[in-house]
Every structure is written in structure tokens, then in C-alpha cells.
Amino acid sequence: MAMRLRFAPSPTGALHIGGARTALYNWLLARGPEAGQLVLRIEDTDRERSTAENIEQILEALRWLELDWDEGPIFQSQQAPRHHEALLELLQSGRAYRSSATADDVREWKARHGAERGFRGRAEAHGAVRLRVPDEGVTSFEDVIRGPVSFRNWHLDDPVIARADGSVLYNFAVAIDDLDAAITHVVRGEDHLSNTPKQLLVFEALGAQAPIYAHLPLLHGPDGRKLSKRHGAASVQELRDQGYLAEAVRNYIALLGWGHGDETILSTDELRRLFRLEAVSRSPAVFDERKLRWMNGRYLRALAASELAQRLEAFTGRQGLAAGAAIAHDKIQTLADFWPLAGFLYDGPADDPAARERVLGAEGAGPLLAEVRDALATAEPFDAAHLEPALRAIVERHGVKPKEVFQPLRVAIAGTTVSPGIFESVEVLGRDRTLERVEAALAR
RNA sequence: GCCGCUAUCGUCUAGGGGACUAGGACGCCGCCCUCUCACGGCGGAAACCGGGGUUCGAAUCCCCGUAGCGGUACCA
């Protein structure tokens, strides 16, 4: 029997890294050696938070990550008739009952029977619908990642599964939707571990077979707290906007809670082949953007020059970046690093007064730079291979350190002290623009 | 409070009773390369939460403690 998986985000905002990892793991399983289907379900029963923009954000994030699905998106809100039908079934069979008990009533019950004793209500003519939990026995399951997990029924409250107006609540809707979609494996975050017994009880009350569960460890920020906006690039869109490559992001987040021996760089195809739910760790992981940066650099450098140029053009919205891309290739870690490093090749020099003062204001920079200008004016052909010996000859002639010749030239053309290789940069800039900028530097 | 989950370098992890002098990766430090910044190469520092058991032997199994996290809504 093929695996049927689902990814079921609630559209309360952008897709965060934790959600992206959950989506990735489900996708990896559905596209792995065993193959299966992936159902996308939008849990939008909370109509106020589930806006069209939020839903679009999630779809956009999944598309950018290149994670596709086979069925859906199914909107939980549109399953209301079916939810209602199941609710009626439980009400009629006596597995659920109406109760007007409030939170205060529950508190009072706990005060009387002990905090560890689950709340039990009394059937009434109206009110919210609660699922009847037996007093005896345990509700347990074999979590693929955590092993046996069990809850004593005695401790469990009779959970509210529908409001007084008949609209169903999350834990009930999830169970019905998973059942209807014939989901075989529920792979989701650990924050749902405590919800599982409630959902299991719904399956049981309906006489249906529950899926297999796997609860992923949560992701934390560097401060050990649950990951949120305050931890920098926490959403998929932010990662994209900061110049990370989708394939690098997939590789990195796959490694948050899972590993394969000593391997660190794993292509998406390798991930699909090697990923195993049983090997997912049980403890929470901390998202470390520095490692993502390093990994992104690895992926960037592995790109063909033409491919890198295309990605940079898409990212910056500028055209004709091939030459700059070629000489900046080994020096950038994200697509966003390109423009600060090589933008001077396309726009004017950067504005870095401190660099100009320090490098061009120094004694002796003038005469050397004048010689550089003369060498540049006569170099033929005007390419890196011929520029290098011509400029190094000046270094030789004066017995100075190479940087004393190259840094003033760099600041003159780039406006700052950091750039791709100086000979390559000059070649790409071209003779006219280079001489123009060197003259401007000499004239100041 | 109650219910539940978790615990190896700063971080991600390998490890599943003897192969552990605890391995790899990021980061950090040093050296090399070098026109800047990177890239790359070489080397280094850096961890089994604590206490009891079980066992000839425990990072690995059990118990207790501690800490962190999650849940505890007529939210999802």
C-alpha cells in the first residue's frame, strides 16, 4: 500500500522554517523510494486568521521551495458538511454529548477531583459538543520517531470537538479530514503530540483505523526559544529575499533533525533516496543561519557560470550580469552578496569616503596611480592576462608591496576596498570607464 | 499546577553495551595561499546534564533528580 501523506498548514502568516521542514519531510517521503501521494490541506477553520493573502503566501513558499503535491489544496473550511455529518454520528451513538460546561466549570472540577483528573461532563440538551473519554485504559500509539507514547484516559479531559453553534474544532476536523483523505502517515511537529490522543479517540469513536504518526522535534532560535520573527530570517520568503538558493535551503533544513552519517552536502535527489523517518532525531534543533550561508556558498560555487548569471539577473532584476558573475563567483555566499561586491561594474563606484581617504589620501598614492593610469592606457589587448604583468611591473620598479599599487586602483574604480580580483575587474569595466575613474581619483 | 516529550562540542549531528583516545560539518583560533575580500589547503581548541543502579564492561539499558520544550481554549 502506497504511503499517503499530507502537509496541513494553518494560514496564520508566512510559512516559517519549521513548517517548511515539515513540508519537505513529507515531500521527501512521497517522492522517495517507496513513493506515495502528498495531499496539501489548508487548515482554515479559524476564518479570521485565514486570509487569502496568508494562503497565497504559503503556496508561494511551497512553489519557491519546489515542493509539489498530488492532491489539493483542500480547504478544511469547505469540509464543514462532512464534519457535521460525523459529529451527528458521534452524538447519536453516544460517543459525544452536548455540554454547557465552561472553562470555569472545568477548573472547579479539577479543584474538586485533582488537577490530574480529566474533566467529565454531563449530557445536556444544548451546549458545545464534547467527546466522551473512557475512564479506564490508555490511549497510546507507536510514534515512528519517538517510539511508544501513551496517555492514561483518566487524565484526559472530555475534549470539546464542536462549538455550541455546531462548527467543529481543530482536533475533530483534523481526524475527519485525515480519515477522509485516507492518510496513512501523519508527519507533523511535536507541538501536536499532545493532540494526538484526542484525534485517536475520534478515530476510535468512529470505529476507524488511525494513521501512523511521526512527530518531528521543534525548531528553536539561537536563544533556545521557539523560532519566531525575532530570530532573523524565519520565513521562507525572507530566506529567498536574502539570496539563498532553494536547493541549499532544502539541504540545510533537511539536516535540522536528521542526518546521514558524515554527509553534509546532500542534493535533493540524494535526500529523496536517503531520508528515513526512523532516523529523525527526537530533540529540538536550533536554526543556525551561518551554516546555511556556508552551505549556500557551496551550492553557488557548484553552479555553472551561465546558471549563476541567470539567477543573479532574476534576483537583482538587472540584465547582462554574466561577466561580473564570472569574476565574483568564488566570493559570494548568497545572491544578495553580489551587488555590494560587484555592482560598481554596472553602476558607478560605491560611496565609501573612509576608504578613499585611507587609500587615496595616502602619500605616494598619486604618483603610483599616475603610472597605473599610463599602463592602463597603453595595455594591449585590454584583458586580465596582459594587464597583470603591466601592473606588476610598476610594483617591481618601485620595490613596493603589491597592495600599494593595487589598492588605490581598486578604490578608484570600485569606490571601496573590496572587489573581485583587480585585473579581472579592470577588464570587465573596460578601458574607458577604468581610465575615467582613475583620472577622477587623481584629480581629487 | 497537571499531562507529555526531550537531554553528546557554542550550533547541526554520528553513535543503538566492548570498534570511543567519542567521529563529521558550521562557527572559532593558528598557519599556508594571496592585490582586497573571499575561495581553497593544513593544523588546533571544543561535548556524553547530575546521581544511583544493571553489567566483567555504559555516551549507549533502567530509576530518580534537574533543566528545556510542548500541550493544557467553545485557537489552529
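In what follows, chains carry the letters A, B, and so on, assigned in the order in which the sequence lines appear, proteins first and then strands, with residues in each chain numbered from 1. The figures here come from the full heavy-atom set of this structure, side chains too, leaving out hydrogens, waters and symmetry mates.
Candidate nucleotides rG71(B), rC74(B), rC12(B) were compared by shortest atom distance to the side chain of A128(A), and rC74(B) ranks first. Looking at the side chain of V418(A), the nearest of the listed nucleotides rG10(B), rC74(B), rU36(B) is rU36(B). Here rC3(B) is the nucleotide among rG70(B), rA76(B), rC3(B) with the atom lying nearest to any side-chain atom of F151(A). Of the listed nucleotides (rU72(B), rC69(B), rA76(B)), rU72(B) has the atom at the smallest distance from the side chain of D157(A). Residue F423(A) places its side chain closer to rC35(B) than to any other of rC12(B), rG4(B), rC35(B). For R163(A), the listed nucleotide lying nearest its side chain is rA76(B); candidates were rU6(B), rA76(B), rC3(B).
Going from the C1' atom of rG43(B) to that of rC49(B) covers 31 Å, rounded to whole Å. When the C1' atom is used for both rA47(B) and rU11(B), the distance is 12 Å, rounded to whole Å.
Judged as a salt bridge (charged side-chain N to carboxylate O under 4.0 Å, His left out), the pairs with a partner in residues 271-283 of chain A (not counting sequence neighbours) are, in order, D269(A)-R272(A), R276(A)-E278(A).
G421(A) comes within 4.0 angstrom of a nucleotide base, judged by non-hydrogen atoms across all strands.
Between R301(A) atom CZ and K331(A) atom NZ the span is 11.5 Å, to the nearest 0.5 Å.
Of the residues in residues 326-354 of chain A, those with a non-hydrogen atom less than 4.0 angstrom from any atom of RNA chain B are D330(A), K331(A).
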